[in-house]
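All remarks here apply to the structure that follows.
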Amino acid sequence: MAAFDDVKAQLFKILGQNSFGEDVIVQRYTGTHYARGLQSIDEAVPGLMTLEEAVLEEVYNLGMDLGKRDPEMAFYFFKTAPDAIKHFSFEDMKQWVAMGLELFDGYGAVPARNFFKGITRETIQKIHVHGLEYEGVARTLGIYLDGLSGGSLRLEKGEESYTDTRRVYLPPQVDLSDDNGLNFKLYKVMAAHKYAQMRYRSFELRSKELEELFERLESRYGKSASQEASTLESFLTLFPDRAMATDLFSLLENARVEHALRLEFRGLGRDLDLVVAMEWGLRPNFSKLSKREAVLEGLMQLLTRGTLREPLPEDLMPVVGRCRAMADKVLGEMATVEDTARATAEIYEILEGFDSPYAGFQDMYHRGVVKPERVTAGLRETQRELGEKMRRLLEDLKIKPPPEIDSQVQHAAGEVADPFAHGAPLDFLFRFGVELPEEIKKELLAEIEKQLGEMGQIDSSLLMKVLDSAGRKIRASIQARVTEFQVELTEEDARDAILYDEWDYKMGHYRAAWCALKERGMKRGSDKFVEKTLEKHRELVTQVRRQFEILRPDYKRLFREIQGEEIDIDAFIEALADIKAGTAPSEKIYIRVDKKERDIAVAFLVDMSGSTTGWVIDTEKEALVLMCEALEILQDKYAIYGFSGKTRKQCDFYTIKDFDEEYTEDVKSRIAGMEAFDYTRMGPPIRHLSKILDETPAKVKLMIILSDGKPEDFDEYKGEHGVEDTRKALIEAKRKHIRPFCITIDTEARDYMPHMFGEVSYVILDKVEKLPRKLPEVYRKLTT
Amino acid sequence: MAHTKLGLNARRNGMKEMLAGRVRIEEYMVQQEPYYSPVGNEVAVFETAYKNRLPVMLKGPTGCGKTRFIQYMAYRLKRPLITVACHDDLTSSDLVGRYLVKGGETEWVDGPLTRAVKVGGICYLDEIVEARKDTTVVIHPLTDDRRLLPIEKKGEILKAPDEFMLCISYNPGYQSVMKDLKHSTRQRFVGMNFSYPPKEMEAEIVSHEAQIPKEQAVELVKLGEKIRNLKDKGLEEGASTRLLIYAGKLIKSGIEPIEACEIAIGNPLTDDAEMQKAIKELITTVM
Ligand SMILES: Nc1ncnc2c1ncn2[C@@H]1O[C@H](COP(=O)(O)OP(=O)(O)OP(=O)(O)O)[C@@H](O)[C@H]1O
Ligand SMILES: [Mg+2]
């Protein structure tokens with residue numbers, strides 16, 4: 001046990017002072033009282049002395065983290081810690097400390113100090129609730145899944161774990177273990193398992209390879225395969241008991257997929273072992289199961305671990321053994337989903353032999369479930385998108401799509417049965433009855449080759465990727481059609497407006513005074529918006545504030561200056577040498593300590609076009625609020641404008657905050673008032689803002705544009721014309737020494753952004769949600 | 001502050017040592033053939049540029065083999081290679097040269113650029129954007145068809161011999177507005193784009209550089225590929241070949257593969273806690 005003096009010395013070392021709090025004088029009706037508020041660190045010592053050496057060490061360590069933020073908070077922690085240890089495991093202690101730190105970061109020292117003064121029932125409850133919630137892991141696992149799949153699978157919350165081939169659904173909560181580390185592993189393995197089902201093509205059965213099996217099943221059970229559903233769904237529908245067939249298929253397919261996963265991703269094997277061990281004890285006893293259910297359970301156990309949890313009933317042993325032997329082929333290195341389908345049919349026949357009820361079989365939790373209808377729906381969506389992409393590609397290639405294309409795209413959406421039924425994958429892509437130029441075919445084939453290297457097998461999601469990236473290349477090299485449609489500008493329209501030129505790329509000249517831009521005020525919105533945003537992004541706000549604190553102008557030693565407080569020895573010696581050598585020395589021989597000024601003016605230009613309605617504009621607004629918080633710290637000059645409009649007659653330019661305006665309540669309510677209006681004619685607002693920036697004195701001028709898509713207006717301002725005019729407007733801005741930077745939320749943006757914005761001046765976000773985090777980050781990067 | 005100043009002095013002293021002529025030009029010859037495996041036709045392109053006396057700009061993400069390529073080319077062309085890592089305190093005298101006092105006498109000492117011009121070598125200015133703008137202009141007359149290097153302090157003008165070549169490297173990732181390359185500088189170079197080598201080759205390279213078995217290198221490259229998927233989705237740069245090699249080297253020296261990857265790949269790439277966690281999960285998935 002530690003000695004009093006040792007503990008005290010250690011505390012002093014950590015806390016740096018001997019007492020905390022202050023003495024206060026309290027007036028009561030009984031007279032003046034002297035309330036003892038000042039507490040000596042001695043008070044914390046006896047409790048700590050009761051702790052075991054090893055525990056004490058850990059407590060010191062935790063306290064040290066707290067002490068760095070606020071010694072007084074750490075002091076209360078030390079006082080309460082011995083008591084806390086009675087309630088908490090060491091892991092819990094850590095969480096307790098983390099909760100306190102969160103309070104500290106979010107609300108400051110006082111609530112955090114109070115938090116550590118004692119342990120409330122509420123705190124205990126909070127800490128003792130085990131289990132992980134989806135929200136807590138969504139971002140990490142989303143990134144994880146992006147990394148694995150290269151972005152072709154999106155993570156979403158669902159009632160259980162499954163995939164529809166486009167999205168991966170994970171359950172709202174996982175609480176199988178008291179240890180959240182293990183719960184996390186379980187979540188992770190669930191996600192990886194869904195990825196594996198896509199990676200190893202669990203859902204797109206090749207009907208060509210299964211013709212014989214389909215025929216046999218059709219004649220045996222008298223049902224016929226649907227042309228409407230995916231091959232998987234129609235396969236399962238051939239069985240009289242579709243539910244049992246689905247369970248059996250999933251069981252076998254899970255074994256195949258998990259086996260392949262272990263081979264390709266060796267590390268995941270460890271995690272799989274962990275979660276299997278965790279779930280093993282939860283498997284039902286054979287005695288509780290019907291015969292069919294028990295066979296499936298036994299088969300699953302054998303496929304998973306090679307052993308059984310408990311001995312099988314005598315009579316089932318040989319059957320399960322036979323099933324196990326049949327299932328063997330799904331574990332082969334080259335096994336495909338077609339092998340699984342065949343094994344499913346064989347084992348199904350064995351199960352049929354039992355006269356036994358069947359209430360269902362649940363595979364291990366981490367494997368989730370297979371939902372054939374959702375797979376069909378997902379694949380249908382993909383087919384439709386593929387058709388659309390193909391149609392766009394044809395349009396861009398100026399190949400007149402055959403008149404039937406619409407019905408064909410429609411048809412494609414229905415044709416999920418087996419996209420590859422007709423032969424090679426390219427035939428599938430080219431089934432719209434058009435002959436593609438050779439070089440385009442070559443491009444597509446090359447892309448398929450490349451993607452195959454990454455994805456292993458051809459399936460619809462691979463074709464999507466192929467069309468995306470090949471399409472991008474092809475599109476970049478051709479020009480899109482522009483629909484000619486011009487609007488007259490009357491004198492009426494031009495009144496009170498500022499007229500801007502517009503670039504006509506076809507004619508190669510400006511159309512003079514073409515667009516009428518009007519400055520407009522922004523209406524006020526809810527005064528709660530800013531407050532709510534700050535609350536919603538509390539953590540992020542703290543983080544951003546901290547990051548921007550660091551950027552605050554600080555002092556810097558500038559070498560080789562004409563004047564300064566110190567002599568720059570290097571420069572001085574050089575000058576001496578110059579003198580000796582008889583050349584003119586430089587006079588720049590001083591070191592000046594200078595406040596490194598950030599002479600920056602930044603203007604945000606926000607796309608308020610109709611397409612931003614809802615989600616997008618709201619997120620843009622939230623991002624602006626965060627940005628304002630950050631900029632207030634930096635004291636960079638900043639302004640915020642929005643734009644929208646309809647045709648060249650009406651280009652609206654909204655002022656939300658001018659450069660010389662403070663960040664007032666008024667400004668805040670104008671941010672809140674921003675809403676989506678009409679179209680996105682980008683040229684005029686960029687030109688107008690360039691003019692404003694040009695008149696604003698600053699060394700560095702930045703124009704940050706937030707948009708959700710291509711420039712597009714109701715009239716001819718579309719496609720190439722819009723892109724070219726915007727590009728021109730940006731070039732004009734650059735000539736005025738303004739640096740434009742665009743943040744866009746448009747996944748198609750890769751097609752036109754490089755051209756419009758030059759090589760490096762943009763980022764593309766795949767999800768709007770990222771904007772509030774990204775915007776300050778971009779700004780920080782751009783200006784340091 | 002004291003710390004940086006010290007570092008600066010050390011750097012300058014190093015420079016002085018070189019300036020003082022204690023380093024002989026032979027030392028700039030690349031003696032042994034550097035290991036470089038060509039990804040495309042970059043070798044031929046570079047040689048063509050060299051023959052035509054065109055300055056070259058190597059563009060590409062960090063750690064994808066630009067420096068290695070230049071070393072290899074210097075070896076192939078049998079020219080001395082003089083590399084300058086640019087930083088924001090680099091002055092034009094650091095490049096061109098200066099007078100030094102030596103035992104009461106002054107002595108002119110050539111800077112690396114002057115030296116490279118004189119011996120007809122390849123001068124490689126690494127990370128040129130980092131240099132101060134007023135420094136960058138000294139290369140302007142060298143990089144148009146005049147190929148001249150004015151040495152103001154001595155009132156001399158050097159004409160670069162045909163063998164001389166100037167190369168700069170430039171990472172076009174995410175650049176700060178504070179440090180962009182001026183167009184007047186940029187447009188004096190022919191640009192060669194570099195990116196990470198294809199999978200198979202990258203595994204070869206990692207295996208060779210880190211001296212680890214091919215199978216292990218394949219795993220590292222697989223991990224690299226998964227992490228590169230995250231570029232633009234929260235990561236600014238994917239894991240470079242260099243980082244993969246680092247991880248390989250750590251593994252080679254006996255560090256657990258997972259830990260090695262975390263140290264060499266996960267930690268350097270991001271400070272975002274959730275991103276780091278996700279990368280860690282990718283690591284434990286692959287390794
Ligand atoms: N094609 C290649 N052949 C051989 N080695 C390569 C190749 N590509 C990359 N490397 C290896 O990658 C590592 C990093 O390369 P290098 O240092 O040349 O990168 P860099 O492009 O100069 O990076 P930076 O921009 O950060 O300076 C080197 O160790 C090199 O061995
Ligand atoms: Mg380098």
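All chains are named by letter (A, B, ...) in the order of the sequence lines, taking the proteins before the strands, and each is independently numbered beginning at 1.
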(message) I'd like to know if B/K153 pairs up with A/E574 as an ion pair, taking the criterion as any Lys NZ or Arg NE/NH1/NH2 lying under 4.0 Å from an Asp or Glu carboxylate oxygen.
(response) yes
(message) What I'd like to find out is whether the side chain of A/R270 reaches to under 4.5 Å of the side chain of B/I258, using heavy atoms alone.
(response) yes
(message) Looking only at heavy atoms and a cut-off of under 4.5 Å, which of A/D146, A/V189, A/L576 has the most pairs with chain B?
(response) A/D146
(message) Check for me whether B/K277 meets the cation-pi criterion with A/Y144, that is, NZ or CZ under 6.0 Å from the six-membered ring centre and within 45 degrees of the ring axis.
(response) no
(request) Calculate, to the nearest 0.5 Å, the distance between atoms CG and CD1 belonging to B/N229 and A/I143 respectively. (result) 13.0 Å
(request) Drop me the distance from B/M287's CE to A/L268's CG, to the nearest 0.5 angstrom. (result) 13.5 Å
(message) Rounded to the nearest 0.5 Å, what separates atom CG in A/D578 from atom CH2 in B/W108?
(response) 8.0 Å
(request) Evaluate the criterion side-chain contact (heavy atoms from CB on, under 4.5 Å) for residue pair A/R266 and B/E219; output intermediate values, then yes/no. (result) CA-CA 9 Å; A/R266 289 202 309 210; B/E219 304 270 279; 3.4 Å; yes
(message) I need the A/L145 CG to B/E281 CD distance, nearest 0.5 Å.
(response) 13.0 Å
(message) For A/K637, is the NZ atom crowded, meaning more than 12 foreign heavy atoms sit under 6.0 Å from it?
(response) yes
(message) With a 4.5 angstrom heavy-atom cut-off, is it the side chain or the backbone of A/K580 that approaches chain B, or both, or neither?
(response) both
(message) Heavy-atom pairs under 4.5 Å with chain B - which of A/Q543, A/R139, A/R780 has more of them than the others?
(response) A/R139
(request) Kindly give the heavy-atom pair with the smallest separation between B/L282 and A/G147, and that separation in Å. (result) CD1-CA, 4.1 Å
(request) Assess whether atom NZ of B/K154 is packed by more than 12 heavy atoms of other residues, nucleotides or ligands within 6.0 Å. (result) yes
(request) Any chance you could measure B/R98, atom CZ, to A/S586, atom OG, to the nearest 0.5 Å? (result) 11.0 Å
(request) Give the minimum heavy-atom separation between A/F265 and B/K222, together with the two atoms involved. (result) CE2-CD, 4.1 Å
(message) Run B/T285 and A/K188 through side-chain contact (heavy atoms from CB on, under 4.5 Å) and show every step you take.
(response) CA-CA 10 Å; B/T285 298; A/K188 169 189 173 185; 3.4 Å; yes
(request) Mark yes when over 12 heavy atoms from residues, nucleotides or ligands other than A/F572 sit less than 6.0 Å from its CZ; otherwise mark no. (result) no
(message) Just checking B/E156: does its CD atom have more than 12 heavy atoms from other residues, nucleotides or ligands closer to it than 6.0 angstrom?
(response) yes
(message) Using 0.5 Å steps for rounding, measure from the CG atom of A/L148 to the CD atom of B/E225.
(response) 10.5 Å
(request) Check whether A/A192 gets within reach of chain B through its side chain, its backbone, both or neither, counting any heavy atom under 4.5 Å. (result) neither
